[in-house]
Trainee: 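Okay, handing you the structure first.
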Amino acid sequence: VTHAHRVPDNFHARFRAQSRTYIYRIALGVTHHALLPLTDENLCWSLRNTELDIDAMREAAALLVGTHDFSSFRAVNSDMPFKSPVKTMDVVAIQPGSSFAHSHFHREMQFWELTFKSRSFLYKQVRRMTGALVAAGQGLLSVSQVKQILDSRDTLAYPQGVVAPAQGLFLKSVDYEESDLQFFQQPDSTDEPNNSCYLNK
């Protein structure tokens, strides 16, 4: 826990969120899991590829930025009939990353981080977007095919076996309006219990 805010009774940590930022971590050139430092094992998607076509990945990522129907990038679940597939992606970025033990880890291994920021996401949307971008980097999907998947607006149009595994996904931050985090002290009353709730980030 790095911060704690005393918030009003009507504060809702989920519904008051203005944006959420996810990071997906990838390690390249991992021919055996023992090559990863212990600090990264099961905390990234380890690929045998020693290189990815980052330019192609960034070109495909640009297609996902903005407001779109992301039906193709959500997995089937019980919430589907009740949630709009239209989401606004504020950020889809790809940048070099590092091992969690980077200052003590000198083996030749490249890490990349994919960043996704939006007010909300669909079920498995980030993992599906990551899988499609990595497939573009591997040459398994062209940029135009990624666009076709997005434009099809059909969860069945997403290719099988491309979804990124869960272990590389991290919720980095959740942003709120400052005014929603302000607690205004009520008049003192020794007869009433303090019912304020707390938000931990």
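Sequential numbering from 1 along the given sequence is applied to the chain's residues. This structure is a prediction, so every number in the text was calculated from the model and none was measured. Computation of the quantities below employed the complete heavy-atom set of this structure, encompassing side-chain atoms and omitting hydrogens, waters and symmetry-equivalent molecules.
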Trainee: I'd like to check the side chain to side chain contact (heavy atoms under 4.5 Å, CB included) partners of Asp154; sequence neighbours left out, ordered by chain and number.
Mentor: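 Result, side chain to side chain contact (heavy atoms under 4.5 Å, CB included) vs Asp154: Ser152, Leu156, Ala157.
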Trainee: Do the side chain of Gln125 and the main chain of Leu122 share a donor and acceptor less than 3.5 angstrom apart?
Mentor: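 It does hold such a pair.
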Trainee: Of all heavy-atom pairs between Val92 and Phe116, which one has the smallest distance, and what is that distance?
Mentor: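 Looking at all heavy atoms of both residues, the shortest contact is CG1-CE2, 3.7 Å.
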Trainee: With a 4.5 Å limit on heavy-atom distance, are the side chains of Phe111 and Leu28 in contact?
Mentor: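 A side-chain contact under 4.5 Å is absent here.
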Trainee: Scan for salt bridge (Lys or Arg N to Asp or Glu O under 4.0 Å) pairs involving residues 23-34, sequence neighbours excluded, and state none if there are none.
Mentor: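 Non-adjacent pairs meeting salt bridge (Lys or Arg N to Asp or Glu O under 4.0 Å): Arg25-Asp40.
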Trainee: To the nearest 0.5 Å, tell me how far Phe170 CZ sits from Ile23 CD1.
Mentor: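 It is 10.0 Å, given to the nearest 0.5 Å.
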Trainee: Is the closest side-chain heavy-atom distance between Leu36 and Leu43 below 4.5 Å?
Mentor: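 Counting from C-beta outward, Leu36 and Leu43 never come under 4.5 Å.
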Trainee: Return the minimal non-hydrogen interatomic distance between Ala61 and Leu133, and the atom names on each side.
Mentor: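 That closest heavy-atom pairing would be N-CD2, 3.5 Å.
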Trainee: Quick check against the 3.5 Å criterion: does Arg48 have a side-chain atom that pairs as donor or acceptor with the backbone of Thr31?
Mentor: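 Here the side-chain-to-backbone pair exists.
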Trainee: Locate the shortest heavy-atom distance separating Gln167 from Asn42; write the atom from each residue and the value.
Mentor: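 That closest heavy-atom pairing would be CB-O, 3.2 Å.
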Trainee: How long is the span from the NZ atom in Lys87 to the OG atom in Ser71, to the nearest 0.5 Å?
Mentor: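 Atom-to-atom, Lys87:NZ and Ser71:OG are 11.0 Å apart.
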Trainee: To the nearest 0.5 Å, what is the distance between OG (Ser46) and CD (Glu41)?
Mentor: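 Reported to 0.5 Å precision, the distance equals 8.5 Å.
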Trainee: Step by step, work out the side chain to side chain contact (heavy atoms under 4.5 Å, CB included) result for Val146 and Glu59.
Mentor: CA-CA 10 Å; Val146 175; Glu59 189 177 346; over 6 Å; no
Trainee: May I ask you to list the residues sharing a hydrophobic cluster with Leu140, side-chain cutoff 4.5 Å, ordered by chain and number?
Mentor: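 Taking Ile, Leu, Val, Met, Phe, Trp and Tyr as members, Leu140 stands alone, with no cluster partners.
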Trainee: With ring-ring contact (aromatic ring centres under 6.0 Å, His included) as the rule and sequence neighbours excluded, what pairs involving residues 21-62 come up?
Mentor: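 Counting only pairs at least two positions apart or across chains, the ring-ring contact (aromatic ring centres under 6.0 Å, His included) contacts touching residues 21-62 are Tyr22-Phe121.
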Trainee: Go through the structure and list residues passing salt bridge (Lys or Arg N to Asp or Glu O under 4.0 Å) with Lys172, not counting sequence neighbours.
Mentor: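 Expected list: none.
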Trainee: Less than 4.5 Å apart, side chain to side chain, heavy atoms only: is that true for Val65 and Val91?
Mentor: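 With C-beta onward as the side chain, the pair stays apart.
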Trainee: Keeping the roles fixed (side chain from Glu113, backbone from Gly97), state whether a donor-acceptor pair exists under 3.5 Å.
Mentor: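 No, the answer is negative, given that no donor and acceptor are paired below the 3.5 Å cut-off.
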Trainee: If you look only at pairs with a residue in residues 55-74, which of them pass as a ring-ring contact (aromatic ring centres under 6.0 Å, His included), with sequence neighbours excluded?
Mentor: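 Matches after skipping sequence neighbours: His68-Phe70, Phe73-Tyr158.
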Trainee: Where do Ala135 and Val162 come nearest, in terms of heavy atoms and distance?
Mentor: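 Looking at all heavy atoms of both residues, the shortest contact is CB-CG1, 4.0 Å.
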Trainee: So do Ser72 and Thr155 actually touch side chain to side chain, heavy atoms under 4.5 Å?
Mentor: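 Counting from C-beta outward, Thr155 and Ser72 never come under 4.5 Å.
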Trainee: Given a cutoff of under 4.5 Å between side-chain heavy atoms of I, L, V, M, F, W and Y, with clusters grown through shared members, what are the other residues clustered with Leu63?
Mentor: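 So far as hydrophobic clustering goes, Leu63 is joined with Val143.
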Trainee: Test: salt bridge (Lys or Arg N to Asp or Glu O under 4.0 Å). Region: residues 129-146. Which pairs qualify, not counting sequence neighbours?
Mentor: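 Residue pairs with at least one partner in residues 129-146: there are none.
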Trainee: With Thr67, which residues qualify under side chain to side chain contact (heavy atoms under 4.5 Å, CB included), at least two apart?
Mentor: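 Here the qualifying residues are Val86, Thr88.
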Trainee: Can you find a heavy atom in the side chain of Trp112 that is under 4.5 Å from one in the side chain of Pro96?
Mentor: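 Trp112 reaches Pro96 side chain to side chain.
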Trainee: Are any non-hydrogen side-chain atoms of Ser19 and Val174 less than 4.5 angstrom apart?
Mentor: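 With C-beta onward as the side chain, the pair stays apart.
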Trainee: For the hydrophobic clusters of this structure (ILVMFWY residues joined by side-chain heavy atoms under 4.5 Å, transitively), does one cluster hold both Met129 and Leu171?
Mentor: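 Yes, one cluster joins them.
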Trainee: Could I get the full list of side chain to side chain contact (heavy atoms under 4.5 Å, CB included) partners for Gln18, not counting sequence neighbours?
Mentor: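 So Gln18 forms a side chain to side chain contact (heavy atoms under 4.5 Å, CB included) with Arg119, Glu177.
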Trainee: About how many Å separate CG of Asp69 and OG of Ser84, when rounded to the nearest 0.5 Å?
Mentor: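 Spacing of OG (Ser84) from CG (Asp69) equals 7.0 Å.
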Trainee: Show every donor-acceptor pair shorter than 3.5 Å between a side-chain atom in residues 50-58 and any protein atom, with sequence neighbours excluded, or say none if there are none.
Mentor:
| from | atom 1 | to | atom 2 | distance (Å) |
| --- | --- | --- | --- | --- |
| Asp53 | OD1 | Asp55 | N | 3.3 |
| Asp53 | OD1 | Ala56 | N | 3.1 |
| Arg58 | NE | Ile94 | O | 3.2 |
| Arg58 | NH2 | Ile94 | O | 2.7 |

Trainee: State, with a plain yes or no, whether a side-chain heavy atom of Gln145 is found less than 4.5 Å away from one of Leu150.
Mentor: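 No, every pair of side-chain atoms sits at 4.5 Å or beyond.
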Trainee: Excluding sequence neighbours, so at least two apart, what forms side chain to side chain contact (heavy atoms under 4.5 Å, CB included) with Arg14?
Mentor: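 For Arg14 the side chain to side chain contact (heavy atoms under 4.5 Å, CB included) partners, ignoring immediate neighbours, are His12, Arg20, Lys83.
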Trainee: Evaluate the side-chain proximity of Thr130 to Val163: yes if any heavy-atom separation is below 4.5 Å, no if none is.
Mentor: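 Val163 does not reach Thr130 side chain to side chain.
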